[in-house]
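The structure appears below as structure tokens.
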Amino acid sequence: MAFEVRKLNPTFGAEVLGIDLTKEITADILDKFKSLWAEHQLLLFRGQSLEEKDAVAFSGLLGELEIHVRREYLSPENPEILYVSNMKVDGKAIGILSDTEVGWHYDQIYLPRPAVGSLLYAVTLPTNGGQTSFADMSAAYESLSDDIKATLKGRKAVQSYEAFNNQYSVPTNSDQKKRTPDIEQPVIRTHPISGRKALYICPGMTTQIVGLPEDESRDLLDYLFDWSVKPEFVYNHNWAHGDALLWDNAATMHRREPFDGDEERLMKRTTILPPADLAVPV
Ligand SMILES: [Fe+2]
């Protein structure tokens with residue numbers, strides 16, 4: 001299977017053309033995809049026609065798949081798939097995150113073994129497609145001043161799923177809450193595959209830099225959040241039917257624009273875990 005690669009943005013992101021993800025991915029192609037994923041941090045495959053089993057099979061080639069803590073939003077047939085949707089069946093939401101804005105975040109940064117990737121596939125879209133944006137946190141880190149890099153070196157920050165839910169989602173139940181307590185992660189993460197460093201904080205979930213006075217921590221976080229989403233670090237994706245986006249969740253954060261709640265949107269996501277020996281962010 002021959003394919004072509006085109007850059008989406010000057011610093012990161014690439015479209016892979018000429019690939020049907022329902023067809024067999026050979027070991028050779030898989031190796032190339034893994035390299036492209038690490039190099040570009042965001043891979044777009046347009047015009048796909050994926051059954052749930054296809055999304056599970058393809059993303060499963062990239063790592064062990066996680067079963068999300070929000071069990072109520074999983075596919076009934078394929079629990080590796082999380083529904084992101086505003087659709088309801090018998091008055092009950094089938095997916096997470098409804099139709100509202102979802103602020104900048106790393107998926108599952110609040111877990112001890114956070115995902116290294118997610119594959120999001122567009123099944124049903126509002127008329128205008130809707131938009132998801134990604135920020136290149138490696139480029140954002142590398143361009144910081146030496147002083148700020150020195151201040152951040154070796155520091156940890158508190159990551160809170162509860163803080164995210166308070167702003168953008170619905171509360172977790174008591175069992176889910178117990179399984180997702182606030183945790184500390186390194187502020188600068190070394191990528192488990194490429195070894196490249198990235199800012200590993202996000203406005204949606206990061207509440208405090210450990211060891212700094214609260215006002216200093218707030219000011220520094222606000223500075224870093226503004227810095228990270230400068231236009232040169234951001235790619236805005238306008239969704240089309242059949243788009244499948246695979247992102248690097250150790251080096252990019254993302255956000256979603258709200259959309260018209262009278263229209264339906266259904267996205268299906270698989271979440272890819274790192275190898276066990278690279279599980280803990282450093
Ligand atoms: Fe997300």
Side-chain angles (χ1 to χ4, degrees), residues 12-13 37 41-44 55 59 62-63 65-75 80-87 93-111 113-123 125-126 129-137 140 159-172 176 179-180 183 185 189 198-207 225 228-229 233-239 243-259 265-274 281:
F12 78 123
W37 186 29
Q41 301 170 320
L42 180 69
L43 296 182
L44 169 63
S59 38
L62 301 165
L65 300 184
E66 195 211 34
I67 312 294
H68 200 280
V69 67
R70 295 290 194 134
R71 302 289 150 115
E72 63 273 36
Y73 302 132
L74 301 180
S75 157
E80 303 90 343
I81 291 191
L82 175 73
Y83 290 166
V84 181
S85 184
N86 64 335
M87 291 163 67
I94 63 163
I96 199 167
L97 299 176
S98 189
D99 53 22
T100 54
E101 179 199 4
V102 180
W104 289 106
H105 65 283
Y106 275 98
D107 289 340
Q108 291 149 345
I109 194 172
Y110 52 83
L111 292 181
R113 185 188 176 191
V116 284
S118 293
L119 179 76
L120 190 62
Y121 174 61
V123 179
L125 291 171
Q131 192 180 77
T132 302
S133 301
F134 295 84
D136 177 352
M137 298 299 269
Q159 310 295 345
S160 171
Y161 191 35
E162 193 172 5
F164 178 80
N165 291 326
N166 288 342
Q167 296 177 83
Y168 300 116
S169 190
V170 292
T172 44
Q176 291 166 339
R179 295 175 57 198
T180 55
I183 64 164
Q185 301 281 21
R189 181 174 186 182
L199 274 175
Y200 196 55
I201 52 170
C202 57
M205 295 177 180
T206 309
T207 56
F225 294 155
S228 305
V229 299
F233 305 136
V234 171
Y235 166 70
N236 300 308
H237 184 66
N238 295 307
W239 288 96
D243 283 355
L245 258 181
L246 170 70
W247 65 86
D248 182 332
N249 196 55
T252 66
M253 61 175 186
H254 54 280
R255 74 174 288 275
R256 179 187 85 188
E257 289 289 336
F259 59 93
R265 181 183 191 257
L266 172 61
M267 317 290 279
K268 296 186 177 183
R269 190 184 95 188
T270 49
T271 310
I272 302 156
L273 292 168

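In listed order, ligands and their atoms are each counted from 1. The basis for the numbers below is simple: all heavy atoms, side chains too, and nothing from hydrogens, waters or symmetry mates.
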Note to self: Can you count the protein N/O/S atoms lying under 2.8 Å from the Fe ion (ligand 1), leaving waters out?
What the structure shows: 3
Item checked: Option passing side chain to side chain donor-acceptor pair (under 3.5 Å) with H68 (candidates E80, Q176, Q108) -> Q108
Notebook entry, point to check: Does one side chain, of D243 or H237, offer a donor that lies under 3.5 Å from an acceptor on the other?
Noted result: yes
Checklist line | Partner residues of R255 under the salt bridge (charged side-chain N to carboxylate O under 4.0 Å, His left out) criterion, sequence neighbours left out | finding: E101, E257
Check: F12: what forms a ring pair (Phe, Tyr, Trp, His ring centres under 6.0 Å) with it, not counting sequence neighbours?
Finding: none
Checklist line | ring pair (Phe, Tyr, Trp, His ring centres under 6.0 Å) involving F164 - partner list, sequence neighbours excluded | finding: H105, Y168
Margin query: Tell me if the centroids of the rings in H254 and W247 come within less than 6.0 Å of each other.
Written below: yes
